Amino acid sequence: MQITITAKIKIKPTVEQVELFKQTFHAYRSGCNYVSSLIFETKEMSQRKLHKMTYDVLRTEYLLRSQMAQSVMKTVIARYKSTKSNGHDWTKIAFKKKEYDLVWNRDYSLTQGLFSVNTLQGRIRVPFELKAMERYFDGSWTFGTAKLVHKYGKFFLHIPMTKDIPESDFRTVKKVVGVDMGINFTATAYDSQGKVTFFTGKPIKHKRAKYKHLRKQLQMRQTTSSRRRLKKIGQRENRWMTDVNHTVSKALVERYGAHTLFVVEDLTGVRNAIERVRVKNRYESVSWAFYQLRQMLDYKALMHQSKVIVVDPRYTSQTCPKCGHTEKANRNKKIHVFSCKTCHYISNDDRIGAMNLQRKGMEYIVEVTTGA
């Protein structure tokens, strides 16, 4: 199976190199907006035809180097095609971000701790820091078209990296772990030995409540500065939540090791549940990054010779794992307690969800390995 991750690498340009980057960003963005205007007017998305229409202008008026001019066309065409495939109306796309695309070994390379990159004035070499990314530079990963990005006053290189990893056979599974995702506990894991691991969500919930309160105050102001701050707060919250999900998914795969089957609920429809959530709880329930956590667990498990399967979430928190009795009244959401109305088994409701997911995983293993 082929997996792709995005490595985010911080680069450290000198003052002179920063100025070169800024000039290149400006020219690239201007070139993108020029090509975008042309595509919007003509609806022409053939790169061969656009090359005849725009190449000379991109080279002489925008001073883009040959490969950059080609990259501008590809970037703009891809954006319009993506917008069209997503069913959006035909509108003119504006390019505002300080970034530009780089083709591996044509526009950029990484050797001996230096990032070599094309600018309007030719190639320059810039030091970069890897931190925990060293393993992705062992020669087994293929580098894709990267983005050079200027954010928060710093420069980053976002590189999609692809690797073929042999998919684990279900016959090699040694552990089955049910992972229930929620708000009270970000993740609750129940394994084949009957042991439970809780990843508390209370600090996250409290921090999200603070963001929500701050966002509400800023929205009431309706000023340019408040809208600008709202955007920054949203970006900061997203970065923080992404880091939380990285930490939890990494802890899960490292705790249970290779040849583990992780069983999670299919929560792709969590946003559609907004009508069933009380207004004051909608922000926490609907904006929680469940799907992102699942994606991270998916690729990290694969890299650790493990697997993730997704199962139907219905009744996982209402079914008694001891006697099988299913009833809505079994679960008290307010106090997070499960109490079976038939056999009177009592436990934490998130633990019950993880237990039932683990059971579904065991049943799945039997089914795929025996054909039952």
Side-chain angles (χ1 to χ4, degrees), residues 5-13 18 21-22 25-26 29 32 79 82-83 86 88 91 93-100 129 131-133 146-160 181-187 199-251 267-297:
I5 65 163
T6 299
K8 296 181 181 180
I9 299 170
K10 184 180 178 181
I11 62 173
K12 300 176 178 179
V18 166
F21 280 151
K22 286 181 178 179
F25 282 135
H26 177 73
R29 184 175 56 198
C32 284
R79 186 74 68 84
S82 176
T83 301
N86 288 332
H88 297 299
T91 54
I93 297 173
F95 290 79
K96 300 177 182 178
K97 294 181 180 179
K98 297 176 182 178
E99 60 185 35
Y100 66 94
E129 59 180 50
K131 288 194 175 177
M133 306 300 294
K147 276 190 186 297
L148 183 62
V149 177
H150 186 208
K151 273 187 174 182
Y152 327 119
K154 299 174 184 177
F155 292 87
F156 300 91
L157 186 64
H158 296 181
I159 312 174
M181 299 177 189
I183 295 173
N184 200 44
F185 292 102
T186 306
F199 295 86
T200 183
K202 287 182 180 179
I204 302 169
K205 190 175 181 180
H206 291 156
K207 194 165 183 175
R208 283 228 158 187
K210 289 181 180 178
Y211 276 120
K212 179 184 176 183
H213 178 68
L214 183 56
R215 185 177 281 107
K216 186 176 181 180
Q217 288 181 318
L218 290 168
Q219 285 171 339
M220 289 172 66
R221 293 182 190 174
Q222 292 293 310
T223 62
T224 303
S225 60
S226 67
R227 283 192 287 270
R228 190 162 51 241
R229 190 150 180 236
L230 266 170
K231 185 178 180 182
K232 286 185 178 180
I233 286 170
Q235 292 171 340
R236 190 185 310 145
E237 185 179 10
N238 287 338
R239 291 196 304 273
W240 162 71
M241 197 65 219
T242 296
D243 186 62
V244 168
N245 282 337
H246 269 303
T247 301
V248 172
S249 55
K250 182 181 178 182
L267 296 174
T268 51
V270 69
R271 287 184 178 273
N272 296 328
I274 187 168
E275 292 83 2
R276 299 191 298 274
V277 179
R278 294 176 68 184
V279 173
K280 70 174 185 177
N281 296 327
R282 283 182 183 176
Y283 172 74
E284 288 83 0
S285 299
V286 179
S287 64
W288 209 267
F290 295 120
Y291 184 63
Q292 185 192 61
L293 177 56
R294 193 190 103 189
Q295 284 182 309
M296 289 180 179
L297 180 61

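For the numbers below, each heavy atom of this structure counts, side chains included, while hydrogens, waters and symmetry mates do not. All values reported here derive from a predicted model rather than from experimental measurement. Residues take their numbers from the sequence shown, with the count starting at 1.
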Compare every heavy atom of [Y] with every heavy atom of [X], then report the nearest pair and how far apart it is.
{"X": "Thr186", "Y": "Thr200", "answer": "OG1-O, 3.6 Å"}
{"X": "Pro160", "Y": "Ala146", "answer": "CD-CA, 4.0 Å"}
{"X": "Ser249", "Y": "Leu297", "answer": "CB-N, 3.8 Å"}
{"X": "Gly234", "Y": "Arg215", "answer": "CA-NH2, 3.9 Å"}

- Sequence-distant partners of Lys12, side-chain contact (heavy atoms from CB on, under 4.5 Å), two or more places apart: Glu129
Approximate separation, where rounding is to 0.5 Å, of [X] [atom1] and [Y] [atom2]:
{"X": "Arg79", "Y": "Thr83", "atom1": "CZ", "atom2": "OG1", "value": "7.0 Å"}
{"X": "Thr6", "Y": "His158", "atom1": "OG1", "atom2": "NE2", "value": "8.5 Å"}
{"X": "Arg29", "Y": "Lys97", "atom1": "CZ", "atom2": "NZ", "value": "12.5 Å"}
{"X": "Glu99", "Y": "Lys147", "atom1": "CD", "atom2": "NZ", "value": "4.5 Å"}
{"X": "Met220", "Y": "Lys216", "atom1": "CE", "atom2": "NZ", "value": "7.0 Å"}
{"X": "Thr223", "Y": "Arg229", "atom1": "OG1", "atom2": "CZ", "value": "10.5 Å"}

- Looking only at atom types and distance, does a side-chain atom of Asp243 sit under 3.5 Å from a main-chain N or O of Arg239, one as donor and one as acceptor? no
Less than 4.5 Å apart, any side-chain heavy atom of [X] and any of [Y]?
{"X": "Gln295", "Y": "Tyr291", "value": "yes"}
{"X": "Arg227", "Y": "Gln222", "value": "yes"}
{"X": "Phe21", "Y": "Ile11", "value": "yes"}

- Message: Run the side-chain contact (heavy atoms from CB on, under 4.5 Å) test on Arg221 and Leu218 for me, step by step, so that the C-alpha distance in whole Å, both residues' side-chain angles and the decisive distance to 0.1 Å come before the verdict.
- Response: CA-CA 5 Å; Arg221 293 182 190 174; Leu218 290 168; 3.8 Å; yes
- Message: For Phe156 and Tyr152, take the angle between the two ring planes, folded into 0 to 90°, and tell me which bin it lands in: parallel under 30, tilted 30 to 60, perpendicular over 60.
- Response: perpendicular
- Just say parallel, tilted or perpendicular for the rings of Phe155 and Phe25, cut-offs at 30° and 60°. parallel
- Other residues, nucleotides, ligands: >12 heavy atoms within 6.0 Å of His88 NE2: yes
- Short N-O contact, Glu237 and Lys207, less than 4.0 angstrom: no
